[in-house]
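This one's a predicted model, so the numbers in the text were calculated from it and none came from an experiment.
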Amino acid sequence: MGTAWPQVANLDEDSEPEVLLTGDSIVVLEHTGEVKSKFLNGSYFASTIADFDGDGISDFGASRLTIFSTTRVNDGTEIWSAPISDFTGLAGGSAFDFNSDGIFEVVYAGEQNVFVFGESGQVLMQIPHSSVTYVEYPVVADVDNDGSAEIVVVSNYGDGPTVQVIGDKENRWPQARRIWNQDSYHVNNVNEDGTVPQYEQPSWNTHNTFRANSTLSSGGACQ
């Protein structure tokens, strides 16, 4: 499948993790290396894994933006998709539970706007920004330690700000972890104080997300 970005999570009802590969197709590998499913999507960049529909099972979102339910992963059935301006197909997304209801919202930055999407694909927030969409994605963290999450997004085109930090005016968003340290972020890979755990707990057993941040109240401190 050419170049592919790997993500690891439990994408079915057994106790073992799967490897999700996104590239010119989407491939799900069992922990044994056996191909569980494969379908074409035209998705070229990294995926985001979290529970987007509230069924207790993690789903995944691919570039240009399509959310797939893992309960239907064998045939590539969509939960929803949204029209995104992204010529390169290299923009990515992240996720966070902004209203603390157990369902993750999708944070996605295309060429012209930063979006937050709800569980049915409805636009909950839209803020202008400018990018040529070259392998970047927005992140969520409590960057000013005020007890409420912020969205951090970069712009690399036009005269706008290079880095934007977006927060709720009334600080109603729950507190996220205060760190996001790498492209393949999955919470358990780094402690709150910036140290790297010698023995990392399997993320698919603790929160089962990938490129999604946890709230501190949900045990996301990961000390």
Side-chain angles (χ1 to χ4, degrees), residues 1 3-23 25-39 41 43-81 91-98 101-108 117 119 135 137-141 176-177 179-191 196-197 199-215 218-222:
M1 63 183 294
T3 300
W5 281 266
Q7 296 79 208
V8 179
N10 190 349
L11 300 177
D12 55 27
E13 296 181 348
D14 66 20
S15 60
E16 301 293 343
E18 282 71 47
V19 178
L20 170 68
L21 300 173
T22 51
S25 60
I26 291 176
V27 178
V28 179
L29 302 177
E30 294 280 13
H31 69 283
T32 60
E34 179 185 356
V35 176
K36 178 181 177 68
S37 60
K38 179 179 181 180
F39 51 93
N41 181 58
S43 172
Y44 304 110
F45 190 51
S47 185
T48 304
I49 298 174
D51 183 2
F52 296 122
D53 57 9
D55 65 356
I57 301 174
S58 287
D59 313 294
F60 65 92
S63 299
R64 292 179 173 149
L65 168 68
T66 305
I67 303 299
F68 295 93
S69 170
T70 52
T71 59
R72 291 172 284 176
V73 72
N74 289 321
D75 61 5
T77 302
E78 301 176 8
I79 298 178
W80 57 264
S81 61
S94 57
F96 187 69
D97 183 4
F98 286 97
D101 65 351
I103 301 173
F104 281 76
E105 284 73 48
V106 177
V107 188
Y108 198 92
F117 293 100
E119 62 181 291
V135 294
Y137 63 86
V139 303
V140 179
R177 300 186 80 214
I179 192 167
W180 189 303
N181 69 321
Q182 64 186 48
D183 177 81
S184 59
Y185 179 79
H186 49 279
V187 179
N188 291 20
N189 59 281
V190 66
N191 294 321
V196 175
Y199 302 105
E200 181 181 322
Q201 294 295 313
S203 61
W204 56 90
N205 287 338
T206 56
H207 50 83
N208 203 30
T209 64
F210 210 91
R211 297 189 181 90
N213 218 347
S214 295
T215 61
S218 67
C222 194

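Among all heavy-atom pairs drawn from E18 and N10, the shortest one is OE1-OD1, 3.4 Å. Contact between T206 and Q201 at its shortest, heavy atoms only, is CG2-CB, 4.4 Å.
At least one donor-acceptor pair under 3.5 Å links the side chain of N189 to the backbone N or O of V187. The closest donor-acceptor contact from the side chain of N213 to the backbone of V140 lies under 3.5 Å. Judged by distance alone, the side chain of D97 and the main-chain N or O of F104 form no donor-acceptor pair under 3.5 Å. Judged by distance alone, with hydrogens and angles left aside, the side-chain atoms of Q182 form no donor-acceptor pair with the main-chain N or O of W180 at under 3.5 Å. In this structure, the side chain of Y185 does not engage the main chain of V190 through any donor-acceptor pair within 3.5 Å. Not one N or O on the side chain of R177 forms a donor-acceptor pair closer than 3.5 Å with the backbone of A141. Counting only distance, with no hydrogens or angles, the side chain of R211 and the backbone of D183 share a donor-acceptor pair below 3.5 Å. In this structure a side-chain-to-backbone donor-acceptor pair under 3.5 Å is present from S58 to N208.
Ring geometry for F117 against W80 counts as tilted: the plane angle lies between 30° and 60°, on a 0 to 90° scale.
Counting heavy atoms from C-beta on, the side chains of T22 and F60 never come closer than 4.5 Å. Counting heavy atoms from C-beta on, the side chains of L11 and I49 come closer than 4.5 Å. A heavy-atom distance below 4.5 Å is found between the side chains of S25 and V27. Residues W5 and L21 fail the side-chain proximity criterion, which asks for heavy atoms closer than 4.5 Å. With a 4.5 Å cut-off on side-chain heavy atoms, D53 and I103 do not count as touching. Considering only heavy atoms from C-beta on, D51 stays 4.5 Å or farther from I57 through its side chain.
Shown here are the side-chain contact (heavy atoms from CB on, under 4.5 Å) partners of T32, two or more places apart in sequence or in another chain: E30, E34. F98 is linked by a ring pair (Phe, Tyr, Trp, His ring centres under 6.0 Å) to F96, W173, counting only residues two or more places apart in sequence or in another chain.
Rounding to the nearest 0.5 angstrom, the gap separating the CZ atom in F210 from the OG atom in S184 is 5.0 Å. Atom OG of S94 sits about 11.5 Å away from atom CD of E105, to the nearest 0.5 Å.
Side-chain contact of N188 with H207: a donor-acceptor pair under 3.5 Å is present, judged by distance alone.
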